[in-house]
Visitor: 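If you scroll down you'll find the structure; I have some questions about it.
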Amino acid sequence: MTRIYDISQTIRPGIPVWPGDRSFALNRTWNIEPGCPVNVSELVMSTHTGSHADSRLHFDEQGVDCAATPLDAYIGPATLIDLSAEVPSGGLVEPRHLEGKLPARVERVLIKLFDRFPHEGWDPKFPAMHPDSIQLLADRGCKLIGLDVPSLDPQDSKTLDAHFKVDATGMAILEGLVLDNVPTGDYELIALPLKIEGADGSPVRAVLRSIP
Ligand SMILES: Nc1ccccc1C(=O)C[C@H](N)C(=O)O
Ligand SMILES: [Zn+2]
Ligand SMILES: [Zn+2]
C-alpha cells in the first residue's frame with residue numbers, strides 16, 4: 001500500500017511571502033446568481049509564493065521560463081534528509097553536513113532545514129546552501145534540489161552563489177516545501193511547475209509517494 005505525503009504549503013490569503021513581495025489574493029470575478037451559473041476567480045500572487053519551482057529566468061535574464069523548463073527532474077526517485085538539527089539559524093549547509101547522509105549516487109535530494117515549518121511567520125535567518133554543497137550533490141548525479149526554506153541562498157544574498165552553482169550544474173530547484181511529518185528516506189517525487197509563458201517561477205503541488 002503506497003502512501004502520499006502532501007509536502008505543499010496551503011496557498012491562502014495571508015500566506016507569508018518574501019519581504020516586499022506581492023501578497024496572495026483570490027478575487028471573485030463572477031458569482032453564481034440569476035443569469036450567471038458559475039463562480040470564477042482571479043489569482044494575484046508572486047511566482048515564488050509558497051511551495052514553488054524556480055525557472056532559470058528568475059536569476060538569469062537569458063534563462064528559460066517555466067513553460068520551457070524540462071519536466072523530467074520534477075518526477076522520480078528522491079531522497080529526503082533532515083539537517084534541521086545540524087545547520088543553525090543563519091547557517092549554510094556545508095559538504096560535511098551531507099557526506100554521511102547521502103548515498104554515492106542520488107537523483108533528487110530534499111533537505112529539511114526547519115525544525116518546524118513556520119506556516120504563520122517568516123524566518124529571515126533561514127538556513128541556506130553553500131555552493132560547495134551544490135557541487136557535491138551534482139558530483140553524485142543529483143538533478144533536483146528541494147528545500148523547505150524560501151531560497152537556496154540567504155535572504156540578504158546579492159550574489160546568489162547557490163543559485164548560480166545550481167545553474168552551472170543544470171539542477172532543478174524547489175523551495176518552500178513542507179517537510180515536517182515526513183520520515184526521512186526514499187520516495188517518488190511529483191512536483192510539476194505550471195506551463196506559464198514568461199514565468200520566473202511557478203507554484204507546484206508537491207507530493208512524495210512512498211515506494212512499496
Ligand atoms: N520573491 C522574491 C522577491 C525578491 C527576491 C527574492 C524573492 C524570492 O522569493 C526568493 C526566491 N524564492 C528564490 O528563488 O530564492
Ligand atoms: Zn524561488
Ligand atoms: Zn530560488
Side-chain angles (χ1 to χ4, degrees), residues 7-25 43-71 73-74 78 83 87 89-93 108-114 117-135 137-138 142-179 189 191-196 198-206:
I7 56 173
S8 311
Q9 294 182 55
T10 300
I11 299 177
R12 66 199 188 278
I15 182 174
V17 297
W18 195 271
D21 206 358
R22 174 79 65 199
S23 298
F24 174 80
L43 296 171
V44 178
M45 60 192 296
S46 165
T47 48
H48 295 258
T49 300
S51 305
H52 69 277
D54 287 0
S55 69
R56 287 296 186 273
L57 180 60
H58 176 49
F59 50 93
D60 175 358
E61 197 53 47
Q62 308 311 315
V64 293
D65 64 13
C66 287
T69 298
L71 297 178
Y74 299 97
L83 296 181
V87 184
S89 174
L92 295 178
V93 174
R108 298 168 187 78
V109 175
L110 305 182
I111 305 175
K112 184 176 186 295
L113 292 172
F114 283 131
F117 188 87
H119 290 281
E120 299 307 326
W122 184 270
D123 176 1
K125 303 291 287 176
F126 58 82
M129 297 298 294
H130 191 289
D132 290 351
S133 296
I134 302 294
Q135 188 59 58
L137 294 173
C142 189
K143 56 186 173 184
L144 176 138
I145 180 170
L147 303 178
D148 52 0
V149 294
S151 179
L152 297 180
D153 286 292
Q155 181 164 314
D156 59 0
S157 172
K158 298 301 179 210
T159 52
L160 302 182
D161 299 332
H163 280 82
F164 283 106
K165 177 64 81 171
V166 160
D167 191 29
T169 63
M171 236 180 270
I173 301 169
L174 294 174
E175 294 163 335
L177 302 174
V178 182
L179 299 175
L189 169 72
L192 294 165
L194 300 177
K195 195 172 186 178
I196 308 172
D200 50 81
S202 163
V204 297
R205 184 65 180 267

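In listed order, ligands and their atoms are each counted from 1. A quick note: this is a predicted structure, and the numbers were derived from the prediction, not measured.
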Visitor: So, taking the atom named CZ in F117 and the one named CD1 in I7, what distance separates them when rounded to the nearest 0.5 Å?
Guide: 11.5 Å
Visitor: Could you find the nearest protein heavy atom to atom 9 (O) of ligand 1 and give me its residue, atom name and distance?
Guide: H48 CB, 3.3 Å
Visitor: Considering only heavy atoms, which of S151, P150, A53 lies nearest to atom 12 (N) of ligand 1?
Guide: P150
Visitor: Any idea which protein heavy atom is nearest atom 5 (C) of ligand 1, and the distance to it?
Guide: W18 NE1, 3.5 Å
Visitor: Working to the nearest 0.5 angstrom, can you tell me the gap between L113 CG and S89 OG?
Guide: 11.0 Å
Visitor: Taking atom CD of Q62 and atom CZ of R56, what is their separation to the nearest 0.5 Å?
Guide: 14.5 Å
Visitor: Say you draw a straight line from CG of D167 to CG of L152; how long is it, rounded to the nearest 0.5 Å?
Guide: 11.0 Å
Visitor: Just need the protein heavy atom nearest to atom 1 (N) of ligand 1, so name the residue and atom and give the distance.
Guide: D21 OD2, 2.6 Å
Visitor: Which protein N, O or S atoms lie under 2.8 Å from the Zn ion (ligand 2)?
Guide: H48 ND1, H52 NE2, D54 OD1, E175 OE1
Visitor: May I ask you to check whether H48 and D21 show a side-chain donor-acceptor distance below 3.5 Å?
Guide: no
Visitor: Would you say the side chain of T10 lies within less than 4.5 Å of the side chain of H119, judging by non-hydrogen atoms?
Guide: no
Visitor: Rounded to the nearest 0.5 Å, what separation is found between the CD1 atom of I134 and the NE2 atom of H163?
Guide: 9.0 Å
